Each structure stands twice: as structure tokens, then as C-alpha cells.
Amino acid sequence: MPKVHPWLIYRDLCSKYGDILHFRILGHSTVILGSAEIMTQYLDKRSANTSDRKQTPLIELTGGGLNFGHLPYGTWWRRHRRAFWQHFNPSAVAQYESYQHAMAHKLVGDILRDPLRLPQHLQFNFNATLMKLLYNIDVNGDDDKHLAIVDAALSGAPQGGVPGKFLIRYFPFLRYIPDFLPGAGFQKQFARWQSTANALKNVPFEHVKAFLHDGQESIIGRLLDALASSRAGQMSVAEEEELIKNVGAISFDAGADTTISTLQAALLALCLYPDVLRKVQAELDTVVGPNRLPDFSDSSALVYLNAVIKETFRWFNVVPLGVPHCTTADDELNGYFIPKGTVLLPNVWVCMHDPEVYDNPHEFRPERFIKDGQLDAGARDPYEYVFGFGRRICPGRHYAEAVIFINLASILHLFDVSAPRARNEQPIVHEMRASDGYLLYPERCLFTIKPRSAEVESLILG
Ligand code: HEM
């Protein structure tokens with residue numbers, strides 16, 4: 001399997017052999033789905049048989065056991081998903097808006113005080129907001145112990161997804177090699193990752209349990225209350241608690257890197273396309289005006305900003321090959337036999353950069369989503385692809401969209417972003433490089449960020 005930008009290699013192979021591409025490696029079948037039509041046909045419309053996940057010991061070993069996104073399709077996964085969705089469906093997410101708005105205000109204050117640490121401020125904002133909503137924990141500054149737990153826990157799991165990084169993926173018996181043998185240093189690394197994942201699952205959860213009867217409101221508290229009032233359920237208390245812990249922990253594991261990476265990509269795009277930045281700021285000036293920060297109620301009037309967000313999702317796919325699905329039973333797709341257990345990889349990147357659908361797809365051009373002054377309902381909508389498919393579609397998508405909207409609107413209303421300049425005054429060109437694993441991260445993400453006017457400070461500080 002190609003390790004570097006595999007979506008480009010699959011695109012070339014698919015243009016030669018068709019949009020269903022089959023590989024067989026060490027007895028395991030993998031199918032690449034190479035067009036938007038085939039992804040919708042197979043992963044959305046036939047999701048009863050295409051919603052499983054391939055199991056590998058690496059999930060547990062790298063601490064990914066807390067992420068129910070890895071669970072096989074079945075009752076245990078469904079229960080997690082139902083509990084998660086209760087608190088992340090559109091009307092639940094709407095209840096978090098006032099806190100998200102307050103945290104966006106804090107974010108612009110942090111940027112004003114210390115603009116050089118923009119990526120760290122974005123990370124703090126995302127994790128601190130979730131820590132409050134999930135556990136009612138107020139974090140204190142960057143060196144907060146709960147944030148340290150999140151950071152430590154998120155370092156392991158993505159490593160398990162790096163193709164070829166650990167041979168255990170292909171030879172599971174290697175997991176039993178004792179750690180004192182030469183070459184078995186990975187065992188110590190696995191032990192560390194599992195211990196940090198356990199801390200993320202347990203420490204904030206125990207905090208909620210300790211304060212459960214003090215009338216404090218939080219998502220995990222509400223799930224625990226529901227557990228207390230339905231003791232006659234089908235699951236033991238231990239199972240229920242395990243599920244609740246996982247619902248909390250996955251929000252960081254699945255949500256943080258994806259959302260922060262998308263926000264950074266939007267800012268990066270606006271550095272590279274200053275005309276787009278000027279247009280979005282003109283819109284904010286008209287709709288929001290100089291005397292307040294943007295709010296969620298401005299969203300329907302901020303057509304251009306919403307198009308910028310859609311274009312960011314299209315232009316920069318954080319998960320370019322989606323999260324692999326897997327078939328539960330033998331199947332047939334357009335005349336091809338698909339064995340049970342086949343891994344299905346949707347090449348999301350290719351359908352977001354299809355020149356037949358998006359003219360000049362490598363250009364960042366939000367106008368492609370606007371018609372007659374409104375968002376164009378006829379344009380291919382990135383939200384239908386970048387958040388995955390069928391029964392596995394990302395259940396955190398409404399939360400992610402809200403975070404991205406309010407933070408981006410607030411930053412762009414108050415600050416100018418541009419590429420930093422080298423000593424010879426030339427702008428430092430940003431590079432888009434894939435980080436390890438299946439997540440794309442804009443690397444070398446450097447910005448110059450400055451208040452748009454002298455009034456910004458008083459607006460932020462009130
Ligand atoms: C830009 C932001 C995000 C993107 C692009 C994104 C994308 C994805 C994708 C592609 C999947 C796999 C879907 C599939 O299997 O077809 C997924 C799964 C998931 N995401 Fe997100 N996500 C984002 C943010 C979030 C946030 C903020 C949360 C939580 C608050 C979240 C929670 C989840 C969960 C729980 C799953 C597992 C679903 C399952 O397997 O049933 N995501 N996401």
C-alpha cells in the first residue's frame with residue numbers, strides 16, 4: 001500500500017482501471033472506492049452491510065480502545081452511538097452555543113495577548129470547551145492537569161493507523177513478544193499509550209461522579225443520572241459506566257485534531273488568497289458591524305463566510321481516505337464479488353478535487369458554492385463526503401461545524417491574517433503536508449495575525 005499521499009496514487013489507478021479497485025495483501029482484501037457515485041451507492045445506500053470496522057490488536061495496544069469509532073458494527077457500538085447522539089444532535093448542539101460564543105471571545109483575547117501562539121490557542125479553545133461541556137471542568141491555563149491528560153492520550157492512537165508502522169497489524173502474534181527482547185521496545189510504548197488513554201477515560205469521569213449530587217450540569221453527568229434512574233436496563237452498571245467514559249473520551253480523540261486542523265487550513269487558505277479574506281471581512285463588517293462580536297444568529301446572513309467554510313472542507317480534506325469501513329457479509333458490487341471482511345476505502349480527496357465537478361479544483365474559490373447571493377443547493381456539498389458515510393457518518397459533525405463557524409467568524413472579524421515574511425520581505429510559502437497516519441495536518445503552519453483596527457482591543461476587553 002502506498003505510504004505517501006496514497007489518494008493521488010489511487011486516483012491515477014482508478015482513472016486507468018475504473019472506480020472500484022481491489023488489492024489483496026497477505027490474504028486481506030481492500031477495495032478503493034474511487035468516485036462520489038460509488039461511495040454513495042455502496043457506503044450510504046447499502047450501509048447495512050458496509051458499516052463494520054476491521055479489527056486489529058493495534059487498536060487496544062495504542063490506546064484506541066476508548067474510541068467507539070473502532071468498534072465492530074453491532075449492539076455495543078449502536079449503544080455508544082445512541083448515547084453520543086443524544087448530546088450531539090442539532091438541537092443538543094444548539095444548547096452549547098452560548099458557551100461556545102463565550103469561549104470564542106476568550107480565544108480572540110488570547111490571540112490579542114499572544115498572537116504567536118495561535119495554533120496553541122485553537123487547541124486550548126477546543127479542548128477547554130469540551131472539558132466544560134462534557135465534565136463541567138473549568139481548566140486553568142495551558143498547564144492545566146486535565147488538558148495535559150488529553151494531550152498525552154491523543155499522541156498514541158493515530159500511530160496505530162500509519163500503514164506499515166507496526167508489523168503486528170499483519171502478524172498479530174508479535175504482540176506476545178516480551179518487552180525485554182531486542183526489537184521489542186514497542187511494547188513499552190504501547191504500555192505508555194494505554195496508560196494515558198486510561199487516564200483520559202477515568203480521571204475526568206471520576207470528577208463528575210464525585211460532584212454528581214451537587215447539581216452540576218454536564219453531558220457526562222446527565223448520562224450518569226439517566227443510568228441511575230434506569231437500573232433495570234439490559235446492561236450492567238460496569239458496562240454502562242464503560243460506555244459513558246467512552247462517549248466522553250472519543251469527543252477529544254475523534255474531534256480535536258480534525259476540527260483544529262480544519263480551522264488552521266481555513267486560516268492558511270486566507271493567507272494564500274487575500275482577496276477572499278477581504279471579501280469575508282467586508283461581509284462581517286456589513287452584517288455584524290464594529291460594535292460587537294459575531295454570533296450564531298448571524299449565520300444565515302454570512303453567506304460568503306459559510307461558503308469559505310465549505311470550500312475549506314473541500315480544498316483541504318482532513319481525512320482524505322475517510323475512515324475505512326468493512327463488509328459484514330459476502331456481497332456483490334456492480335458485478336464484482338466483495339468478500340466478507342473486505343476493507344472499504346473511500347477516496348474522499350478525489351471526489352472533492354474532481355475537475356468535472358469543481359472547476360480548477362486546486363484553487364480556493366468559495367464563489368463556487370454561491371448562486372444568486374445564496375448558498376447554491378445544486379453544488380456538490382463537501383459535508384456529504386468529508387464527514388463519512390451511512391450509519392457511520394460522523395455524529396460530531398454539527399458540533400464541529402458550530403466550533404468552526406463561531407471561531408472563524410470571531411477571528412476574521414477582528415484580525416488580519418497573512419503569511420509571515422522572510423528577511424528578504426518575500427512571504428514564507430506555506431506547505432501542505434500530510435502528517436503521519438490517516439489525518440492530514442497543515443504542517444509549518446505560520447501566520448502573521450494583527451488586529452484590524454485600534455478599536456479591537458476595547459471590543460475584546462469590553
Ligand atoms: C472537521 C471536523 C471533523 C471531521 C472532518 C470528521 C470526520 C469524521 C469521519 C470521516 C468519520 C468516519 C465516518 C465513517 O466511518 O464513514 C468520523 C467519525 C466520528 N467522528 Fe468525526 N469529524 C470531525 C469532528 C468531530 C467532532 C468534533 C466529534 C466529537 C465531538 C466527532 C466525533 C466522531 C465520532 C464519535 C465518530 C465515530 C462514528 C462511528 O464510528 O460510529 N467528530 N468523523
Side-chain angles (χ1 to χ4, degrees), residues 33 39-40 42-44 47 50-55 59 64 66-90 92-93 96 100 122-123 125-127 129-131 133-134 150 154 157 161 219-220 243 246-266 309-310 312-326 343-349 351-352 382-408 438-442:
L33 302 169
M39 287 169 214
T40 308
Y42 205 35
L43 299 181
D44 281 333
S47 68
T50 58
S51 296
D52 207 359
R53 297 274 200 232
K54 193 81 176 175
Q55 298 303 300
I59 296 172
L66 56 75
N67 183 329
F68 72 79
H70 295 303
L71 283 177
Y73 184 62
T75 312
W76 186 228
W77 161 76
R78 208 170 286 112
R79 286 181 177 152
H80 278 83
R81 190 143 172 134
R82 205 176 297 134
F84 184 92
W85 186 242
Q86 271 172 25
H87 298 282
F88 286 92
N89 65 56
V93 167
Y96 311 142
Q100 286 174 327
L122 294 176
Q123 190 161 353
N125 170 275
F126 185 88
N127 290 336
T129 307
L130 267 184
M131 202 49 95
L133 295 172
L134 285 164
V150 175
L154 298 194
I219 293 172
I220 297 302
L243 182 152
N246 291 341
V247 165
I250 196 178
S251 308
F252 297 101
D253 198 38
D257 282 348
T258 43
T259 310
I260 297 165
S261 177
T262 305
L263 265 170
Q264 291 202 9
I309 296 174
K310 267 191 204 295
T312 304
F313 276 111
R314 184 201 68 78
W315 184 71
F316 182 83
N317 304 140
V318 197
V319 204
L321 291 171
V323 175
H325 288 217
C326 186
V343 171
L344 305 167
L345 279 184
N347 194 345
V348 173
W349 187 92
C351 76
M352 292 290 97
Y383 294 167
E384 289 174 15
Y385 300 91
V386 299
F387 288 113
F389 302 91
R391 297 178 191 187
R392 287 283 184 168
I393 189 171
C394 172
R397 62 194 183 282
H398 302 291
Y399 184 85
E401 284 170 32
V403 170
I404 291 168
F405 169 79
I406 198 66
N407 287 320
L408 200 56
Y438 54 86
L439 276 186
L440 206 61
Y441 226 86

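What you are looking at is a predicted structure, and each value in this text was computed from that prediction instead of being measured. For ligands, and for the atoms within them, numbers begin at 1 and follow the listed sequence.
Interface of Trp77 with ligand 1, defined as ligand atoms under 4.0 Å from a residue heavy atom, comprises 39 (C), 40 (O), 41 (O). Heavy-atom contacts of Val386 reach the following atoms of ligand 1: 5 (C), 7 (C), 10 (C) (cutoff under 4.0 Å). Interface atoms of ligand 1 facing Thr262, defined by a heavy-atom separation under 4.0 Å, are 1 (C). Applying the 4.0 Å criterion to heavy atoms of Arg81 picks out, from ligand 1, the atoms 38 (C), 39 (C), 41 (O). When each atom of ligand 1 is checked for a heavy atom of Gly255 under 4.0 Å away, the hits are 25 (C), 26 (C), 27 (C), 28 (C). Heavy-atom contacts of Pro395 reach the following atoms of ligand 1: 19 (C), 20 (N), 33 (C), 34 (C), 35 (C), 36 (C), 38 (C) (cutoff under 4.0 Å). Atoms of ligand 1 found under 4.0 Å from any heavy atom of Gly388 (numbered from 1 in listed order, with element): 10 (C), 13 (C), 14 (C), 16 (O).
Among protein heavy atoms, atom 30 (C) of ligand 1 sits closest to Phe88 CE2, 3.8 Å. The shortest contact between atom 11 (C) of ligand 1 and any protein heavy atom is with Val323 CG2, 3.8 Å. Scanning the protein heavy atoms around atom 29 (C) of ligand 1, the nearest turns out to be Phe84 CZ, 3.6 Å. In this structure, atom 13 (C) of ligand 1 lies nearest to the protein heavy atom Arg392 O, 3.2 Å. For atom 23 (C) of ligand 1, the nearest protein heavy atom (residue, atom name, distance) is Thr258 OG1, 3.4 Å. The nearest protein atom to atom 6 (C) of ligand 1, hydrogens excluded, is given as Phe387 CD2, 3.6 Å; this is a heavy-atom distance. For atom 32 (C) of ligand 1, the closest non-hydrogen atom of the protein is Ala254 CB, 3.6 Å. Looking at atom 16 (O) of ligand 1, its nearest protein heavy atom turns out to be His325 NE2, 2.6 Å.
Rounding to the nearest 0.5 Å places CZ of Arg392 at 9.0 Å from OH of Tyr73. If you take CG on Leu263 and CZ on Phe126, they are separated by 9.5 Å, rounding to the nearest 0.5 Å. Separating the CG atom in Leu33 from the CG atom in Leu43 is a distance of 5.0 Å, to the nearest 0.5 Å.
At a heavy-atom distance under 4.0 Å, only side-chain atoms of Arg53, from C-beta outward, approach ligand 1.
For Arg53 (side chain) and Leu71 (main-chain N/O), no donor-acceptor pair under 3.5 Å exists by modelled atom type. Looking only at distances, no side-chain donor or acceptor of Asp257 sits under 3.5 Å from a matching main-chain atom of Ala254.
Of all non-hydrogen atoms in Gly248 and Leu134, the two that sit nearest each other are O-CD1, 3.6 Å. Contact between Phe316 and Ser261 at its shortest, heavy atoms only, is CE2-OG, 3.4 Å. Taking each heavy atom of Met39 and Asn347 in turn, the nearest pair found is CE-O, 3.2 Å.
Scanning Ile250, Ile260, Leu130, Ile309 for the heavy atom closest to atom 35 (C) of ligand 1 points to Ile250. Between Ala400, Ser51, Cys394, it is Cys394 that holds the heavy atom closest to atom 43 (N) of ligand 1.
In this structure the side chain of His398 never reaches within 4.5 angstrom of the side chain of Phe88, judged on heavy atoms.
Between Phe389 and Tyr42, the distance separating the two ring centers is not shorter than 6.0 angstrom.
In this structure, His80 and Trp76 have perpendicular ring planes: the angle between them is above 60°, well past the 30° mark.
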